[in-house]
Amino acid sequence: MEEKKGRFLRWPWNVVIYVLLALLLRIFAIPVILILMWVQRKNNPHGISEGYCLSRTRKRLTELIWAFLLLVVSVSLFCLFKVWLEQDKTYWETMDYVKLAVCGVGGPLLLIGGLYLGYTAVRDTFFPAKSALAQSIRNQLPYPDESPSVDELFAMVDKDLMENAQWFGSVGIGQEWVLGDGANKIDRIRGIFVVNEIHQHHTQTGIRTSRNMELVLIDDRWQRTVTSFNNLKDLQAAADCLALRVPEALRGVNSANLDFWTMDETARADFEREFRQKRNRRASERIQREALDSGPQDMILHQIDGQVTSRVTESLVKEQLQSCLEQGGGRFILIPNRPVEAEADTFQALHVSVSEGRIWLLMELQNQPGYGPAKVLDEKEVLRILSGWFRREAPDTVSWEQRRLDPPDSLQGTTQVQQSHTRLSLVYASGAAENHTTFTKEDVQIAAEGIVDGTYQLVDLTHSVGYLWIRVTAGDKMDMRCTVEATKPGGEKLEFYKAKLPPSEAADWLTGYPYGRFLPGGRDWKRVKK
């Protein structure tokens, strides 16, 4: 059924027909063209046949009709202005001069508006790489200047919508993107506002009433995206759906969006700090729930840098894989506490390696350490196998090739993981506390970010090598600087030092100190006795 719908007046034949109708029927072609556009939109409401984004830019072609009408009205005003200007003004009244002024000002303004509307319609329709939609997607990427081609930009949004979209009128909401009159990356949304206003206009024949229904989204760049709706239920449902995706975002109605949009820099910084605190707290609670739901831990995650964690969840492994793909390379190992048995083999570890965009999986055999079946797989298949590994299910390796494991030195002998003596203690701003004996460098990085944005009141890190210990205590309203305490092995005794540092500098110490990048004892440090 979808295929049949997508075949009606597909691009570019719809444009050819519109042009022929305009040439044959002139201005009388407008109602016929509008009817054909309505039928085409009904048969292909969201642009499934050619891609949601590309279809959205090509729909801008309809604005040529409005541009043409503006130009016609502009020419009419110019003609009236010329006729009235040449008339005898001896018996003119005030209203006659007002009409002359309206024609003299309105004509040029409508001409400029019509030309601009026609230019944007042609640009977005025939040059999608320069369209406003493509630019809105490009600006929300980490490096806009290095963004991919327009085909890849649109495909990124289309894929998310095809797999996850919920449609509310013309607005599609996926897991990562929202597509309305513009595109918004969901994790960058900071404000969700519903505008539902009724306006009354007094005319000579009575009172005319109009209704304005809009969804206003404001992102972390404080850019506004406004999408109009024809149905109030769709508008409210879209706002509710987005609120579930970004529960930390501010919700409001009508003019509240302008108050939020026009906040000063200080208020914006305060809101962003509170937003990140709520997001970090929610992420931490999610990880804790996953750990509780998964029951006793039966898996260890070993990374290439030697970091080990037993707080392993499927979301953590997915994030690790995504990080390797974004960096263009990386490795990690999932080691079950008990070997995973298949029909013909028993496996003691699952090795995941990313190189040049390809993902290798190697199932290490228990009876042949260092050997096992291996294969290059796509991301979707890898995620399926990783999910099954958590349920102690091994994939079918009949078509896999036997390979020798040749990991870097930091991964040698990882199947014999020793108990770590490291410790990471976290105290939230609310007073709640956590203690972890196994964690990754990403956990320490998150803790450092939590010190900066106010999520954590205290972070205490003990490293197993070299008696390294560091504690960062957040400041207060009187002194925003953090108190940093750290050890410095010297001679026969362990030396302790303390310093007052800005939050960002304290975060750098927290992440760099265990790796020898910093050494306490400088000018800002004071030696203390413990």
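Computed from heavy atoms alone, side chains included, the values below leave out hydrogens, waters and symmetry copies.
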So how far is it from M213 CE to K233 NZ, rounded to the nearest 0.5 Å? 12.5 Å
Between H351 and L361, is there a side-chain heavy-atom distance shorter than 4.5 Å? no
For E449, is there any backbone N or O sitting under 3.5 Å from a side-chain donor or acceptor partner on R276? no
I'd like to know if the side chain of D158 reaches the main chain of C53, judged simply by a donor and an acceptor atom lying under 3.5 Å from each other, with no hydrogens or angles considered. yes
In the structure I gave you, are the side-chain heavy atoms of L362 and S353 within less than 4.5 Å of one another anywhere? no
Are S149 and D151 linked by a side-chain donor-acceptor pair shorter than 3.5 Å? no
Positive for ring pair (Phe, Tyr, Trp, His ring centres under 6.0 Å) with Y52, one of F154, W167, W177: W167
Interatomic spacing from CH2 in W261 to CD1 in I218 - rounded to 0.5 Å: 8.0 Å
Heavy-atom nearest pair, R123 first then S131, reads NE-CA, 4.2 Å
Starting at CD of Q445, measure out to OG1 of T511 and round the result to the nearest 0.5 Å. 5.5 Å
Counting neighbours of CZ on R224 that are heavy atoms of other residues, nucleotides or ligands and sit closer than 6.0 Å, is the number greater than 12? yes
C482 versus P503, closest heavy-atom pair with distance: SG-CA, 3.8 Å
Nearest non-hydrogen partners of A239 and V194, listed with the distance: CB-CG2, 3.6 Å
Counting distance only, does the side-chain N/O of N212 pair as donor-acceptor with the main-chain N or O of V195 below 3.5 Å? no
Is D220 paired with R188 through a side-chain N to carboxylate O contact shorter than 4.0 Å? yes
Is there a side-chain contact between N164 and I173 (heavy atoms, below 4.5 Å)? no
Pairs of donor and acceptor atoms involving the side chains of residues 101-121, under 3.5 Å and at least two apart or interchain, shall be tabulated with distances.
| from | atom 1 | to | atom 2 | distance (Å) |
| --- | --- | --- | --- | --- |
| T120 | OG1 | R60 | NH2 | 3.4 |
| T120 | OG1 | Y116 | O | 3.2 |
| T120 | OG1 | L117 | O | 3.0 |

Would you call R268 and E272 a salt bridge, taking side-chain N to carboxylate O under 4.0 Å as the test? no
If you round to the nearest 0.5 Å, how far is CD1 of I385 from NZ of K380? 13.0 Å
Measuring only between side-chain heavy atoms, which start at C-beta, is D187 closer than 4.5 Å to R279? yes
Quick one: which residue pairs count as a salt bridge (Lys or Arg N to Asp or Glu O under 4.0 Å) with a foot in residues 382-391, not counting sequence neighbours? E381-R384, R391-E393
Do L426 and Q457 touch side chain to side chain, with heavy atoms closer than 4.5 Å? no
Output yes when a side-chain donor or acceptor of N257 lies under 3.5 Å from a complementary backbone atom of V216, and no otherwise. no
What's the verdict on side-chain contact (heavy atoms from CB on, under 4.5 Å) for M263 and D270, showing C-alpha distance, side-chain angles and the deciding distance? CA-CA 11 Å; M263 289 194 306; D270 291 340; over 6 Å; no
Does R190 count as lying over the ring of F275, i.e. NZ or CZ under 6.0 Å from the six-ring centre, within 45 degrees of the axis? yes
Which atom names give the shortest non-hydrogen contact between I359 and E379, and what distance separates them? CD1-CA, 3.9 Å
Partners passing side chain to side chain donor-acceptor pair (under 3.5 Å) against D508 (at least two apart in sequence or in another chain): none
Apply side-chain contact (heavy atoms from CB on, under 4.5 Å) to L242 and L215, showing your working. CA-CA 11 Å; L242 279 174; L215 175 66; 4.2 Å; yes
What's the separation between atom CG in L386 and atom CG in L350, rounded to the nearest 0.5 Å? 6.0 Å
Q277 and T455, any side-chain heavy atoms less than 4.5 Å apart: yes
Short side-chain donor-acceptor distance under 3.5 Å, S387 and E314: yes
So does K159 have more than 12 non-hydrogen atoms from other groups sitting under 6.0 Å from NZ? no
Is a donor on one side and an acceptor on the other found under 3.5 Å between the side chain of Q140 and the backbone of A183? yes
At their closest point, which heavy atom of F271 faces which heavy atom of E248, and how far apart are they? CZ-O, 4.5 Å
Measure across I189 and L217 and return the closest heavy-atom pair with its distance rounded to 0.1 Å. CD1-CD1, 4.1 Å
Does W66 reach the side chain of L69, with side-chain heavy atoms less than 4.5 Å apart? yes
Just checking, any donor-acceptor pair under 3.5 angstrom between side chains of Q236 and D240? no
Hey, is the main chain of E319 close enough, under 3.5 Å, to the side chain of S323 for a donor-acceptor pair? no
Determine, stepwise, if the pair L77 / S74 fulfils side-chain contact (heavy atoms from CB on, under 4.5 Å). CA-CA 5 Å; L77 291 178; S74 173; 5.8 Å; no
Determine whether more than 12 heavy atoms belonging to other residues, nucleotides or ligands lie under 6.0 Å from atom CH2 of W400. yes
Beyond-backbone contact of V352 with V317, side-chain heavy atoms, under 4.5 angstrom: no
Starting at OG of S170, measure out to CG of L179 and round the result to the nearest 0.5 Å. 8.5 Å
Kindly say whether F260 contributes a backbone atom to a donor-acceptor pair with the side chain of W222 at under 3.5 angstrom? yes
Residue D378 excluded, over 12 heavy atoms near CG under 6.0 Å: yes
